[in-house]
Amino acid sequence: MMKDNLKKYLEEEILSSLDKLGIARREIVFDKPKEEKFGDYSTNIAMLLAKELKQPPRKIASDILERMKIDKAKISNAEIAGAGFLNFFAADPYCIARLEEILNEGSGFGRSAINSGLRANLEWISANPTGPLHTGHGRAAALGKAIANLLEWTGYDVTREYYYNDAGNQMNNLAKSVYARYMQIMDPGFEFPDEGYVGDYVKEIAADIYGRHGDKFRDNFDSEYFKSEGENHTFALIKKTLERMGIEHDVFFNESSLYDDGTIDRTIEELKSRSLAYEQDGAVWLRMPAEEGFQKDKVIVKSTGEPTYRLPDIAYHIDKVNRGFDLIVDIFGSDHGDTYKEVLYGVKCLGHDESKIKVIIHQMVTFRMGDESVKMSKRSDKVYSLDELMDDIGADATQFFFIMRGANTHLDFDISLAKERSEKNPVYYLQYAYARICGILRNAEVKLAGDSVKEKWLEALPGNEDEIRLIKVIDRFPEEVEQSAASLEPHKIINYLNELAESFHRFYHNNRVVDPDKPDVSRARLQLCRAAGLVFRNGFEIIGVSAPERM
RNA sequence: GCGCCCGUAGCUCAAUCGGAUAGAGCAACAGCCUUCUAAGCUGUAGGUUACUGGUUCGAUUCCAGUCGGGCGUACCA
């Protein structure tokens with residue numbers, strides 16, 4: 001890729017300097033300095049060598065620099081600064097020439113092939129069908145959507161997966177809840193179960209059943225029927241919400257399939273035969289050794305004969321490993337922070353490679369409406385659903401807010417703020433920049449009608465400070481995508497897009513793009529705008545928000 | 001009690017294997033629209049990176065301890 005040229009070129013030059021100095025080759029790491037005066041690329045190699053060579057870092061830097069052949073067409077300036085940093089400044093003409101390549105790449109600009117040929121599995125949300133998704137699911141939902149995109153942009157073939165369980169107590173509870181609401185239609189005094197699901201959706205399911213079957217089930221609790229009605233209706237709600245968020249899973253993996261094909265039984269036997277599990281008090285316990293950091297053994301099969309969630313989870317992860325993925329990503333809330341370790345341990349001690357499994361633990365989101373905290377429990381009737389959140393602040397802002405911060409930080413989400421002052425919403429800062437670009441292009445169609453881009457349009461670009469800075473930010477997009485994908489942190493893309501918007505807004509403010517008196521400059525700047533717009537569109541696609549052409 | 005995570009400007013958060021003067025947005029203050037969208041731009045102010053000690057050329061980052069918050073610590077998921 002062209003964008004690597006400068007870095008690779010500098011790396012080669014430095015390595016060849018090291019050769020001349022008789023210093024062993026090693027990895028040269030370049031940073032993008034925080035401040036412009038420190039250049040576009042910076043390396044601390046001289047400081048790292050100081051101890052080994054027992055020489056002052058600045059002298060080493062000077063030795064290296066003297067032996068480098070600096071091509072002025074690429075690097076306008078190279079200098080030693082601070083404690084011994086080597087700073088390099090990209091030459092303006094070189095940057096400007098990049099524009100043409102970027103525009104040629106088009107919607108592919110930012111994609112890379114570093115992971116092509118590899119397969120990734122991303123499993124997230126995975127809520128059981130006992131109720132609609134609530135705001136507590138939002139962060140994982142939004143993170144997963146963006147991370148799946150990031151992985152695809154670096155070449156992975158991504159399988160988006162949803163794991164669920166439609167058996168067990170929770171579903172029985174849903175069946176009882178639906179039945180109680182059904183009975184209450186005919187007999188308002190009918191008792192509702194203590195632990196029942198109180199959400200309105202349960203009433204709607206009951207009303208639907210009553211509408212179709214009348215009193216057919218009066219005093220006749222067909223648990224399987226009510227369970228299946230509950231599941232179907234609830235899953236429809238969940239999928240509708242996901243669709244609205246722009247999330248589509250490729251695989252819905254039903255936990256019960258692990259029972260049906262005997263996987264669960266085989267897993268138990270294997271654990272027992274390897275003495276990794278034992279029976280006690282009528283239950284089966286998994287040994288959780290203190291050396292691995294565990295506190296005590298855990299039950300994997302209850303004395304009732306029913307497995308706890310850990311056992312199928314272990315079997316499920318082994319299944320994913322066996323499916324041959326090169327990368328397996330799970331996204332959980334911090335309430336699962338301990339249990340995933342147990343699952344990984346189970347996978348490992350049964351002899352499977354757990355190193356391909358990466359677990360993202362996101363911290364809890366604190367929702368509030370002004371000063372009032374918002375509860376998210378499914379068993380409370382004051383649930384704030386993901387749908388309601390999207391109704392209130394829009395799907396874009398919802399997606400954006402959930403991923404704008406690192407997953408591993410506690411997120412404070414003031415819904416009333418996002419509602420009341422949505423025009424102050426950071427997502428609009430980015431989208432507005434894009435809408436502005438579209439506005440300029442529309443204007444150009446009118447004012448510069450009939451003109452087309454010439455072969456040598458680049459020469460007309462004045463190349464002032466605002467333009468050069470904007471180009472440099474645009475050019476960084478591919479490596480930002482790579483880094484963001486490698487660390488599975490979509491918020492980095494948002495930080496980057498923020499920088500892009502800032503550069504663009506400043507450029508826009510100081511430079512008239514469409515000027516019929518200067519058609520060549522206009523066309524050159526239009527191309528710059530197109531390149532910026534391209535990165536916004538591609539960036540929005542990754543983080544999962546829309547690219548509005550008007551606002 | 002024990003384990004994991006977090007603690008950075010008034011608020012919400014960044015900070016690229018440990019790097020240069022710790023950065024944005026919001027809120028505050030002062031400016032900028034006869035010009036492609038002012039949902040914008042420019043400037044000012046705002047900090048003992050919770051605290052203490054350690055490791056080193058250099059620590060928000062790594063280590064130990066203390067304090068504060070979140071989540072776990074179920075034969076729930």
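So that the names make sense, note that chain A is the first sequence line, chain B the second, and so on, each numbered from 1. Please read these numbers as outputs of a predicted model, since none were measured by experiment.
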With under 30° as parallel and over 60° as perpendicular, where do the rings of A:Phe332 and A:His336 fit, or are they tilted in between?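 A:Phe332 and A:His336: parallel rings.
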
Looking at [X], does any N or O in its side chain come under 4.0 Å of the phosphate oxygens OP1/OP2 on [N]?
| X | N | answer |
| --- | --- | --- |
| A:Tyr429 | B:C41 | yes |
| A:Lys34 | B:A15 | no |
| A:His362 | B:C6 | no |
| A:Asn408 | B:C6 | yes |
| A:Arg436 | B:A38 | yes |
| A:Lys302 | B:C76 | yes |

Would you indicate which nucleotide in [options] comes nearest to any side-chain atom of [X]?
| X | options | value |
| --- | --- | --- |
| A:Met47 | B:A38, B:G19, B:C13 | B:G19 |
| A:Asp281 | B:C41, B:C75, B:A20 | B:C75 |
| A:Val29 | B:C13, B:C17, B:G40 | B:C17 |
| A:His505 | B:A74, B:G40, B:C13 | B:G40 |
| A:Asn495 | B:A24, B:G40, B:A14 | B:A14 |

Got a sec: does the NZ of A:Lys51 have more than 12 other heavy atoms crowding it under 6.0 Å?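 No.
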
How about A:Lys320: does its NZ atom have over 12 heavy atoms from other parts shown lying under 6.0 Å from it? yes

State whether the distance check finds a donor on one side and an acceptor on the other, under 3.5 Å, for side chain [X] versus base [N].
| X | N | value |
| --- | --- | --- |
| A:Tyr428 | B:A39 | no |
| A:Thr308 | B:A77 | no |
| A:Thr409 | B:C13 | no |
| A:Asn87 | B:A20 | yes |
| A:His410 | B:G69 | yes |

Could you give the distance separating [M] and [N] at their [atom1] atoms, to the nearest angstrom?
| N | M | atom1 | answer |
| --- | --- | --- | --- |
| B:U60 | B:G7 | C1' | 11 Å |
| B:A38 | B:G31 | C1' | 13 Å |
| B:A77 | B:C71 | C1' | 15 Å |
| B:G25 | B:A14 | C1' | 10 Å |
| B:A9 | B:A24 | P | 16 Å |
| B:U35 | B:C41 | C1' | 14 Å |
| B:G19 | B:U61 | C1' | 11 Å |
| B:A22 | B:A15 | C1' | 7 Å |

Between which residue ranges does RNA chain B form stems of three or more consecutive Watson-Crick or G-U wobble pairs, both distances under 3.5 Å?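 RNA chain B forms these stems: B:1-7 with B:67-73, B:10-13 with B:23-26, B:28-32 with B:40-44, B:50-54 with B:62-66.
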
State which residue, out of A:Trp124, A:Phe235, A:Tyr316, fulfils the ring-ring contact (aromatic ring centres under 6.0 Å, His included) condition with A:Tyr162.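 Running ring-ring contact (aromatic ring centres under 6.0 Å, His included) over A:Trp124, A:Phe235, A:Tyr316 with A:Tyr162 returns exactly one hit, A:Phe235.
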
Non-hydrogen side-chain atoms of [X] and [Y] separated by less than 4.5 Å:
| X | Y | result |
| --- | --- | --- |
| A:Tyr259 | A:Pro307 | yes |
| A:Asn173 | A:Thr130 | no |
| A:Ile80 | A:Phe85 | no |
| A:Ser256 | A:Tyr164 | no |

For nucleotides 42-48 of chain B, tabulate all protein N/O to nucleotide N/O atom pairs closer than 3.5 Å, reporting atom names and distance.
from  : atom 1 : to       : atom 2 : distance (Å)
B:U42 : OP1    : A:Arg506 : NE     : 3.3
B:U42 : OP1    : A:Arg506 : NH2    : 3.3

For A:Val514 and A:Glu306, find the nucleotide of RNA chain B closest to each by heavy atoms; which residue's nucleotide sits nearer the 5' end? A:Val514

If you find the nucleotide of RNA chain B closest to A:Gln483 and the one closest to A:Asp412, which residue's nucleotide is nearer the 5' end? A:Asp412

Using side-chain contact (heavy atoms from CB on, under 4.5 Å) as the criterion, point out the one residue from A:Ile440, A:Asp517, A:Asp515 that pairs with A:Ser522. A:Asp515

Between CG of A:Asn44 and P of B:G58 the distance, given in whole Å, is 15 Å

Would you check, one step at a time, whether the test side-chain contact (heavy atoms from CB on, under 4.5 Å) holds for A:Thr366 with A:Phe413? CA-CA 6 Å; A:Thr366 308; A:Phe413 202 134; over 6 Å; no

Anti versus syn assignment for B:C57, with syn defined as within 90° of 0: anti

Check step by step if ring-ring contact (aromatic ring centres under 6.0 Å, His included) holds for A:Tyr345 and A:Phe294. CA-CA 10 Å; A:Tyr345 169 73; A:Phe294 296 109; 5.4 Å; yes

